[in-house]
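Below: the structure, in structure tokens.
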Amino acid sequence: MRSPAAKTSLGLLADPEVEKLSASLERESVALMRADVALDGVRFDVGLASYLLASERRGHELEQVAAAELDVSLLSRESLSNPRRGVHLPLDELAPEQVSAYAGSHAGAVFALHDTLAPRLAEGPLAELYRDMELPLARVLVEMELLGVRIDLPRFERMSEEVRGELSELVERAHELAGGSFNVGSPRQLETILFDQMQLPVLKKTKTSRSTSHDVLTDLLLHPEVPEPARQLIEVVLEHRSLAKLEGTYLSALPKLVDAGTGRLRTRYNQAVAATGRLSSSDPNLQNIPIRSELGRRVRAAFVPEPGWKMLAADYSQVELRVLAHLSHDAALVDAYTRGADVHAQTATALFGVDEADVSREQRGAAKTVNFAVIYGQSEFALSRNLRIPRREARRYIQTFFERYEGVARFMDEVVEQARTRGYAETLFGRRRVIPDLRTKNRNLRAAAERVARNTPIQGTAADILKRAMVTVANELKGQGLSARMLLTVHDELVFEFPPEEQQALEALVEAAMAGAAELSVPLAVNLGVGESWGEAH
DNA sequence: GGACTCACG
DNA sequence: ACGTACGTGAGTCCC
């Protein structure tokens, strides 16, 4: 790509006096910039407007918004030519009448949608979110998408080969243990072997089959009556699944997606998908790169900076619990974060009646699970499953939690009640999510809706905070004239690459932007890490 | 294309 | 009696 100064502009779009309307700034910007055309002066984005006004709706593409808001179906790109399924003729190979009908209906829809959506975003918190958060963020995301991230291809290749070798050994062992050949990657075939051939107990069913999920398999290992050959087979299958997942999803897949020209891997950040306000990543999804397993961490270590540069990873410490502290005004939680205490350990002292200094690793781990269970509104049943403890024990944990954190208990009730009254849940910054099922007579649906009502303000506020930080960081990078670049965003984390001499400035800038992204009643703590790769920066 | 499974926060 | 954690995206199997 040429330098920004050399970029062409579309005359129409360059005139600052003209109101520019866009179906999707992010999508169109990326497409145009790849053609070396800068899109500028956008005043309205249909996709973002629709998302803010109806985040619970799935699909904010122009066609979908037109259907929902105007009740019209636009001409689809496919309907124009469709010589073969999935093949689009370029516009310049189509009849002009076809192109004008297609382009005209879409352009007309953008104007019509502007007229119906813009007034609803004229004032209030949604208007502010639109103007100060989502629209500026779209620009930032475009830049991140165009830039991509460098990966160490030879390293991926070596790991992939290594893992393929281990996989074929596991397949061989699985076949021996099962007494015959089968596809280890097929849940259906595994089902037959475990539950018909080996007669193992069925612990859980899915809609159509007997489940062989990770949970079921590890549960079976805990059952003393499961015979030794079956145990070995289960262990081999679990290992195979874990490696096959990493091999198929990352090790062999990502190198194929690297841009030959730049040697970098690009993703898409979807700004109008998640109902809570979070971003999502796709094609490929870089928000689920492994970290929990050993091999997983090695995958992250193959995400590398420009030669001679370094990487910075910055993540919020327990941002959702801090948001919960702020929203609930819970005295114990606010106090703990103000003191800089270890909240998981504090919960453990309540649950297990020990002094904070005597909390064991296991107790802290269990307390952490309980803390998160509360954020998600988990039932005692689910908690008992997760911690593999009796239900009454799980009930005691949840009860004890709410006795220790009374303000959280009150908040959870109020937030559901408010959502039921208003019809929507809302974040600290006023982002809304309509939740229709709060009034349904179906108990399961209603319970699920209540969990959504409790979780959305927490998860959504955390998402708002990171988005604010991203906009500030991008502005500051530009303002301070740094060459450092923001590469990735993973819900509570930002990843950068930078030349070594900028380390101090970058760390200060990122820390300040992230910690200062919201004024909560507790501090927002940020962990920074620097290294030769994303993995090392953690 | 649905179902299942599993990777992340 | 039932079902049971929030939010995502993607690979594979199999109809």
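A note on names: the letters A, B, ... follow the listed sequences, proteins ahead of strands, and every chain is numbered from 1. All values reported here derive from a predicted model rather than from experimental measurement.
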Just checking [X]: base, sugar-phosphate only, or nothing, at a heavy-atom cut-off of under 4.0 Å?
| X | answer |
| --- | --- |
| A:Asp283 | sugar-phosphate |
| A:Ser282 | sugar-phosphate |
| A:Ala275 | sugar-phosphate |
| A:Ala373 | nothing |
| A:Gly377 | nothing |

Separation of [X] atom [atom1] from [N] atom [atom2], in whole Å?
| X | N | atom1 | atom2 | result |
| --- | --- | --- | --- | --- |
| A:Arg454 | C:dT4 | CZ | P | 16 Å |
| A:Asn270 | C:dG9 | CG | P | 6 Å |
| A:Leu251 | C:dG11 | CG | P | 13 Å |
| A:Lys205 | C:dG3 | NZ | P | 12 Å |
| A:Glu380 | C:dC2 | CD | C1' | 14 Å |
| A:Phe381 | C:dC2 | CZ | C1' | 10 Å |
| A:Leu324 | C:dC6 | CG | P | 17 Å |
| A:Leu254 | C:dG11 | CG | C1' | 12 Å |

message = I'd like to know if A:Glu162 pairs up with A:Arg298 as an ion pair, taking the criterion as any Lys NZ or Arg NE/NH1/NH2 lying under 4.0 Å from an Asp or Glu carboxylate oxygen.
response =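 A salt bridge is present here (some side-chain N lies under 4.0 Å from a carboxylate O).
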Classify the side-chain pair [X]/[Y] by whether it contains a donor and acceptor separated by less than 3.5 Å.
| X | Y | answer |
| --- | --- | --- |
| A:Glu497 | A:Trp534 | no |
| A:Thr276 | A:Thr456 | no |
| A:Arg322 | A:Thr461 | no |
| A:Ser317 | A:Asn527 | no |
| A:Glu134 | A:Gln271 | yes |
| A:Glu493 | A:His538 | yes |

request  = Just jot down the salt bridge (Lys or Arg N to Asp or Glu O under 4.0 Å) partners of A:Asp152, sequence neighbours excluded, or say none.
outcome  =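 Salt bridge (Lys or Arg N to Asp or Glu O under 4.0 Å) list for A:Asp152, sorted by chain: empty.
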If only side-chain N and O atoms of [X] are considered, is one of them under 4.0 Å from the OP1 or OP2 phosphate oxygen of [N]?
| X | N | value |
| --- | --- | --- |
| A:Thr276 | C:dT8 | no |
| A:Arg188 | C:dC14 | no |
| A:Thr249 | C:dA10 | no |

request  = Using the six-membered ring of A:Tyr424, assess whether NZ or CZ of A:Arg432 lies under 6.0 Å from its centre and within 45 degrees of the ring axis.
outcome  =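 Ring-cation test returns yes.
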ask   = Choosing from C:dT4, C:dC13, C:dG9, which nucleotide comes nearest the side chain of A:Arg391?
value =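 Of all the options, the side chain of A:Arg391 is nearest to C:dT4.
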request  = Compare the minimum distances between each of C:dG11, C:dT8, C:dC6 and the side chain of A:Ala274, then state the nucleotide with the smallest one.
outcome  =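 Nucleotide nearest to A:Ala274's side chain: C:dT8.
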Show me the donor-acceptor pairs, under 3.5 Å and distance only, between side chains in residues 179-186 of chain A and residues at least two apart or in other chains.
from     : atom 1 : to       : atom 2 : distance (Å)
A:Asn183 : OD1    : A:Gly185 : N      : 2.8
A:Ser186 : OG     : A:Arg188 : N      : 3.4
A:Ser186 : OG     : A:Gln189 : N      : 3.1

message = At a heavy-atom distance below 4.0 Å, what parts of residues 439-449 of chain A sit against DNA chain B?
response =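 Within residues 439-449 of chain A, no residue comes under 4.0 Å of DNA chain B.
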query = Given the rule in the side-chain contact (heavy atoms from CB on, under 4.5 Å) test, do A:Phe496 and A:Glu507 qualify, once you have shown the distances and angles that lead to the verdict?
reply = CA-CA 10 Å; A:Phe496 302 81; A:Glu507 285 185 355; over 6 Å; no
inquiry  = Strictly under 4.0 angstrom, non-hydrogen atoms only: write out the protein contact profile of nucleotides 3-9 of chain B, one letter per nucleotide from the 5' end, B, S or -.
reply    = SSSBBSB
inquiry  = Suppose you measure atom P in B:dC6 against the same atom in C:dA1; what distance do you get, rounded to whole Å?
reply    =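 Those two atoms are separated by 32 Å.
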message = Distance check, P atoms only: C:dT4 and B:dT5, in whole angstrom units.
response =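 Rounded to whole Å, the distance is 14 Å.
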query = Centroid-to-centroid, A:Tyr130 to A:Tyr51, below 6.0 Å?
reply =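 Here the rings of A:Tyr51 and A:Tyr130 have centres that are no less than 6.0 Å from each other.
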key: Pairwise salt bridge (charged side-chain N to carboxylate O under 4.0 Å, His left out) hits with a residue in residues 435-463 of chain A, at least two apart   =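 Listed by first then second residue: A:Arg420-A:Glu450.
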message = Taking Watson-Crick (N1-N3 plus N6-O4 or O6-N4) and G-U wobble (N1-O2, O6-N3), each under 3.5 Å, can you produce the dot-bracket string of DNA chain C? Use [ ] for crossing pairs and | for inter-strand ones.
response = .....|||||||||.
